[in-house]
Amino acid sequence: MLWADAKKARRIKTNMWKHNIKFHQLSYREMEHLRQFRRDVTKCLFLGIISIPPFANYLVFLLMYLFPRQLLIKHFWTAKQQIDFLDIYHALRKQSHPEILCYLEKIIPLISDAGLRWHVTELCTKLQRGTHPAIHDILALRECFSNHPLSMNQLHALQLKALSRAMLLTPYLPSFLLRHRLKAHTTVIHQLDKALAKLGIGQLTAQEVRSACYLRGLNSTHIAEERCRTWLGEWLQISCSLKEAELSLLLHNVFLLSTNYIGTRR
């Protein structure tokens with residue numbers, strides 16, 4: 001399966017080079033394939049590097065057996081492991097949610113516009129009560145996330161670390177690298193969203209829908225397919241309404257839209 005993925009990625013890259021196509025101009029499935037393959041290859045390269053010393057390959061086999069979630073890509077996980085490992089990763093992701101909410105509450109006094117202050121306060125209250133926010137509740141905050149105090153360039157180090165955990169990215173990097181990675185990761189998701197909106201959610205298979213939801217913050221492994229499609233539709237309505245300067249809101253949406261969705265609080 002990994003070899004087949006590599007051949008497909010090579011075909012896509014060759015076609016991009018021949019026709020001078022950029023990543024964001026690809027179809028949704030081509031973009032998603034390249035994104036996932038890059039992540040898989042990064043994991044494989046790490047294993048390759050630690051296997052270089054003489055006889056180290058014996059240790060690598062032992063490590064792969066003991067730590068399959070950390071060292072192996074999904075092609076080598078059993079069906080049960082795929083569900084269990086995704087649950088573990090989502091539990092790690094959810095640990096960052098209280099921190100993100102706490103930070104949102106702390107910045108309320110820093111918002112100069114009274115209307116925006118009220119909207120942020122109302123949203124935080126709904127999230128604390130366990131209410132799933134409506135699309136208009138989130139889009140009402142666009143200005144707040146495109147300027148001070150919540151634009152991408154205004155986020156503090158602790159918030160960057162919490163958001164990195166929410167995106168399943170390592171938080172153990174300097175602030176400028178965390179900000180760069182979050183910007184790049186959110187930009188790719190935004191590009192994927194535009195391509196997916198063009199394709200249509202109805203064209204996705206059940207597995208593709210679940211994978212798309214999981215990438216965007218929802219633990220879709222235990223939610224009915226129709227609920228996943230509904231949630232993904234809400235996400236796309238928000239994402240496709242945002243401009244590049246408002247991507248901080250899309251980044252926070254990983255927490256805002258998923259934390260209280262029906263069936264996710266386990």
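Just so it is clear, the values below take in all heavy atoms, side chains as well, and ignore hydrogens, waters and symmetry mates.
Checked options Arg10, His75, Gln36; the residue passing with Asp5 is His75 (criterion: side chain to side chain donor-acceptor pair (under 3.5 Å)).
Using a 4.0 Å cut-off between charged nitrogen and carboxylate oxygen, Glu225 and Arg229 count as a salt-bridge pair. Using a cutoff of 4.0 Å between basic side-chain nitrogens and carboxylate oxygens, Arg117 and Asp113 are not scored as salt-bridged. Under the 4.0 Å criterion applied to side-chain N and carboxylate O atoms, Asp193 and Arg216 are assigned as salt-bridge partners. In this structure, Arg35 pairs ionically with Glu32, as a charged nitrogen and a carboxylate oxygen lie closer than 4.0 Å.
Sorted by first then second residue, the salt bridge (Lys or Arg N to Asp or Glu O under 4.0 Å) pairs that include residues 97-112, not counting sequence neighbours, are Glu99-Arg165.
At most 12 non-hydrogen atoms from other residues, nucleotides or ligands lie less than 6.0 angstrom from CZ of Arg39.
With hydrogens and angles disregarded, no donor-acceptor distance shorter than 3.5 Å links the side chain of Tyr214 to the backbone of Thr221. No donor-acceptor distance shorter than 3.5 angstrom exists from the side chain of Glu234 to the backbone of Trp231, with no hydrogens or angles considered. With Arg210 contributing its side chain and Ser220 its backbone, the two residues share a donor-acceptor pair below 3.5 Å.
A 4.5 Å side-chain heavy-atom check between Ile189 and Trp235 finds at least one atom pair inside the cut-off.
The cationic atom of Arg181 (NZ for Lys, CZ for Arg) does not lie both less than 6.0 Å from the six-membered ring centre of Phe176 and within 45° of the ring axis.
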